[in-house]
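Structure, as structure tokens:
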Amino acid sequence: MSTITGKTNLVGLLGQPVNHSLSPIMHNAAYEEMGLDWCYLAMPCESKNLEKVTKSLRCLDFKGLNITIPHKQEVLKACNKLTEVANDIQAVNTLIPEKNHQWIGANTDVEGFLTPLKSQNLINSNVVVIGCGGSARAVVMGLNSLNIKKITIVGRDESSLDIFVKTMRNLLSKRLISIEGINYKKLNVSPYIEEADLIINSTPIGMNIKNTSKENVPLGNDIWNCLSKKTILYDLIYTPRPTNWLKIGQQKNCFTIDGLDMLVEQGAFSIRLWSGFNDVPVQIMKSSAEKHLMN
Ligand code: NAP
């Protein structure tokens, strides 16, 4: 990275924890390649300080902020305006500076999620989403733009599943997509897996598993015996690469996508919003993140 001077523009990430974040690595690699005198910092922030910190960083003329777990919903209060997507999804991962020391809240997770699916034809397809947490919102919102036939949300907890499905039905009420929730502790999900064209894992199951055993696979190992090779598997996790679940898909000759492209693409979309430059070196961002993950 080039020297930080009094003229360097500051951007960064607020979350808790942030010490393992790949964002500083890939953002700073992009700024260097773009010839921008910018520096990206990862800043741990507790929920109780979020409003104060976002206000202060705006006063310090930060050129943009990314927001991660656990603040993506809480940060809405710190925004003067929201983009349409952030408003639809009621979650913000990017703050863009506005006049009068204000922030605009945006969400680039949706576009980040969609980019690796761009080459796939998913019109009229059946999609299964495993998990119903924060990232599943961005996933469902993104899927809504793809003219798919049906989304089945598979979860373990009746009440969080119910709340998620109701919330998403409300948010998507203007659209025609069919969305239903299935509790895999109570119902057999094999028929849904068998007919799925695309399955997305939005749970942390399989994350940071060092060994190569087939443990820690969403919904358990046995269910994947009925997986068809036509099904695309998309895991939002990017450590390890591939996850044990994606390995099962690869053995069945399924097309698989891991979470690194989504991570890189949501970062690239943030840079576009902050800098106004459309041409962001996505490949440099990805290779710097991959290099860091290998160490
Ligand atoms: P989250 O809000 O905590 O949601 C996690 C979901 O997984 C919840 O529905 C939770 O169910 C379910 N879950 C957790 N542990 C489970 C288990 N052992 N068995 C069954 N279900 C389980 O998390 P998130 O923010 O959505 O993130 C989820 C994963 O996506 C993480 O691994 C994260 O790193 C990854 N992610 C990647 C990107 C990217 O750019 N690639 C972006 C965002 C997230 P309950 O409601 O029952 O607890």
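Computation of the quantities below employed the complete heavy-atom set of this structure, encompassing side-chain atoms and omitting hydrogens, waters and symmetry-equivalent molecules. No experiment lies behind these values; they were computed from the predicted model shown. Each ligand, and each atom within it, is numbered from 1 in the order the structure gives.
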Mind checking whether [X] contacts ligand 1 via backbone (N, CA, C, O), side chain (CB onward), both or neither, at a 4.0 Å heavy-atom cut-off?
X      : result
Leu263 : both
Tyr234 : neither
Ser135 : both
Phe164 : neither
Ile130 : neither
Ile205 : side chain
Ala138 : neither

Exercise check, heavy-atom protein proximity under 4.0 Å to [atom]:
atom                    : result
atom 17 (C) of ligand 1 : yes
atom 3 (O) of ligand 1  : no
atom 23 (O) of ligand 1 : no

Does either side chain, that of [X] or that of [Y], offer a donor lying less than 3.5 Å from an acceptor on the other one?
X      : Y      : value
Asn93  : Asp109 : yes
Asn66  : Tyr40  : yes
Gln250 : Asn253 : no

Distance under 4.0 Å to a non-hydrogen atom of [X]: what atoms of ligand 1 satisfy this?
X      : answer
Tyr238 : 41 (N)
Asp157 : 47 (O)
Gly259 : 39 (C), 41 (N)
Met207 : 32 (O), 34 (O)
Gly131 : 9 (O)
Ile237 : 32 (O)

Out of curiosity, Cys132 SG to Met168 CE, how far, rounded to the nearest 0.5 Å?
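One finds 11.0 Å between SG of Cys132 and CE of Met168.
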Taking [atom] as the reference point, the nearest protein heavy atom with its distance:
atom                    : answer
atom 25 (O) of ligand 1 : Ile69 CD1, 3.6 Å
atom 9 (O) of ligand 1  : Cys132 N, 2.8 Å
atom 8 (C) of ligand 1  : Gly133 N, 3.8 Å
atom 15 (N) of ligand 1 : Arg156 NH2, 3.6 Å
atom 46 (O) of ligand 1 : Ser160 OG, 3.3 Å
atom 20 (C) of ligand 1 : Tyr184 OH, 3.2 Å

Please determine if [X] and [Y] form a salt bridge, counting it only when a charged side-chain N lies under 4.0 Å from a carboxylate O.
X      : Y      : result
Lys77  : Glu51  : no
Lys186 : Glu158 : yes
Glu98  : Arg58  : no
Lys230 : Glu195 : no

Report yes or no: does Asn144 contribute a side-chain atom to a donor-acceptor pair with the main-chain N or O of Val140 at less than 3.5 Å?
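Looks like no, no N/O pair under 3.5 Å.
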Selected option - heavy-atom contact closest to atom 37 (C) of ligand 1, from Asn93, Leu236, Ile200, Asn216:
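Checking each option, the heavy atom nearest atom 37 (C) of ligand 1 is found in Leu236.
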Output yes when the distance from some N or O of ligand 1 to some N or O of Leu260 is under 3.5 Å, and no in every other case.
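No, Leu260 has no N/O under 3.5 Å of an N/O on ligand 1.
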Which word best sums up how the rings of Tyr234 and Phe113 line up, parallel for under 30°, tilted for 30 to 60°, or perpendicular for over 60°?
parallel
Would you say Gly112 touches ligand 1, if touching means a heavy atom closer than 4.0 Å?
no
